[in-house]
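The structure under discussion appears below in the form of structure tokens.
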Amino acid sequence: MTAATPLVHTRSAVAEFTIRDVIEGQTAGQLIVAADDWGWWATLLGGNTIVPTTGIQQAVAVGLVRAGFLVRRNHSYHLTHTGHDVGKNRGFVRCAVRGWEPTFRKLSEAALDEFIPAATEPGEVARACTDIARRRPEIFAGIGAAIAADETPGCTIDLGCADSGRVQALAAIAPHERFLGVDIEAEVIDEATTVLAGLGLTDRVTLLAGSVQPEAEPPAWLARVDRDSVTTAMSFFLLHQLASDGAGIAAVLRGWMEWFPNVRRLVIGDGYLLEADQWTQQPWFSPTYEIYHTITGVQLWTQQEYEAAFAELGWSVTRRMEDHTMLVTTVLERG
Ligand SMILES: C[S@@+](CC[C@H](N)C(=O)[O-])C[C@H]1O[C@@H](n2cnc3c(N)ncnc32)[C@H](O)[C@@H]1O
């Protein structure tokens, strides 16, 4: 007679996802983005309450209460501590739920493909990135203060500027600086230009559509720019992609340095590669960021790889501002 082998459930030392996390997390993400589109998070973070006026709004509010993000008092809703955290970080939710969803959806038909070309919702990614950036006003303040302290005001270019959210914030901090923003998504640039006109910023800020990837032939937009006037070159959350499509980080930076011979400051924000076997061992968003880039074939780079490229080209780090563990903004000057 053989003893029955007991069923052994091995418990891993790290937390694992449950089926509940998967299903309810997806629904919570949809509710968070809808509430953002209705302006709820901005209202709540501004210290005000929200009062749902329709059945749909009521259902979303109740869902957000059940998730632990809101609390109801009489007919109005307030933020909980977790709700505050969610509201502040809603850009990450928008990026995953709306911005990158078309790419993740394509996985189903891509089992035999090497990569899935990124199919994003550009307007959603732009808004998500600007919302992510706005969480940390002290990072803008640090960059803006460095620009505003220049003896002679110059021109700051944002390479891959999306909806120009960062340029708008910096223009307010450095009132004598001129700004240029360039992005490959013409529609996003058109909409942002309309917004800038409404803000009365078009005399100091110019947005252009085109690619900022250095190639053998310079891009057409460069002919419309006073290249010698550019003194600060910034790029946020794009260098990793250009470096992986091209010949690495140093090659892209070298191309920009050739375009703008008088550039004396670089501001580079990007996500660093942090790897771990278990999803839950990494800070939130890092696994999503890593998986999204792995399936699109866009390489992510480590801190050491960024810093080796900076040093190779003679740039010294003057400030390093870490945001959410993996998102790092580095201010560099020619050493
Ligand atoms: C992840 S988003 C970052 C947006 C913005 N820099 C920020 O951090 O808020 C990347 C941006 O780069 C733009 N982009 C992608 N490839 C580009 C290229 N070759 N030239 C210019 N812009 C590009 C996208 O349209 C998108 O707006």
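Ligands are counted one by one from 1 in listed order, and the atoms in each one are counted from 1 as well. Start at 1 with the first residue, then count along the sequence.
Between Gly210 and ligand 1 there is a heavy-atom distance shorter than 4.0 Å. Heavy-atom separations between Leu242 and ligand 1 include at least one value shorter than 4.0 Å.
Atom-to-atom distance recorded for Arg20:CZ and Thr18:OG1 is 7.0 Å, nearest 0.5 angstrom. The line from CZ of Arg204 to CG of Leu180 is 12.5 Å long, rounded to the nearest 0.5 Å. Taking OH of Tyr306 as the reference point, atom CG of Leu253 lies at 9.5 Å (rounded to 0.5 Å). The distance from the CG atom of Leu273 to the NE2 atom of His293 is 10.5 Å, given to the nearest 0.5 Å.
Closest to atom 26 (C) of ligand 1 among all protein heavy atoms lies Asp183 OD2, 3.6 Å. In terms of protein heavy-atom proximity, atom 15 (C) of ligand 1 is nearest to Leu238 CD1, 3.5 Å. Shortest contact from atom 19 (N) of ligand 1 to any protein heavy atom: Ser211 OG, 3.1 Å. Of the protein's heavy atoms, Arg166 NE, 3.2 Å lies nearest to atom 7 (C) of ligand 1. In this structure, the protein non-hydrogen atom closest to atom 20 (N) of ligand 1 is Val212 N, 2.9 Å. Scanning the protein for heavy atoms near atom 10 (C) of ligand 1, the closest one is Phe237 O, 3.8 Å.
Backbone and side-chain nitrogen or oxygen atoms of Phe236 are examined, and one is located within less than 3.5 angstrom of a nitrogen or oxygen of ligand 1. For the pair Glu185 and ligand 1, the shortest N or O to N or O distance does not fall below 3.5 Å. Annotation: Gln213 places no N or O atom under 3.5 Å from an N or O atom of ligand 1; distance criterion only. When only interatomic distances are considered, the shortest N/O to N/O separation between Val182 and ligand 1 does not fall below 3.5 Å.
Around the CD atom of Glu114, the shell of radius 6.0 Å holds no more than 12 heavy atoms that belong to other residues, nucleotides or ligands. No more than 12 heavy-atom neighbours from other residues, nucleotides or ligands sit within 6.0 angstrom of CD on Glu187.
Relative to atom 6 (N) of ligand 1, the option among Cys161, Gly165, Gly123, Gly160 with the closest non-hydrogen atom is Gly160. Distances from atom 21 (C) of ligand 1 to the heavy atoms of Leu208, Leu159, Ile189, Ile184 show the closest one on Ile184. Closest to atom 2 (S) of ligand 1 by heavy atom, among Pro219, Cys129, Ser164, is Cys129.
A centroid separation of 6.0 Å or more is found between the aromatic rings of Phe310 and Trp301.
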**OP:** With salt bridge (charged side-chain N to carboxylate O under 4.0 Å, His left out) as the test, would you mind laying out the steps for Arg98 and Asp37 before giving the verdict?
**Re:** CA-CA 12 Å; Arg98 292 271 170 85; Asp37 288 333; 3.1 Å; yes
Original post:
salt bridge (charged side-chain N to carboxylate O under 4.0 Å, His left out) between Asp131 and Arg134: does it pass, once the steps are laid out?
Top reply: CA-CA 5 Å; Asp131 284 343; Arg134 285 208 182 104; 3.8 Å; yes
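In terms of heavy-atom proximity, Asn262 sits nearest to Asp228 at ND2-O, 2.8 Å.
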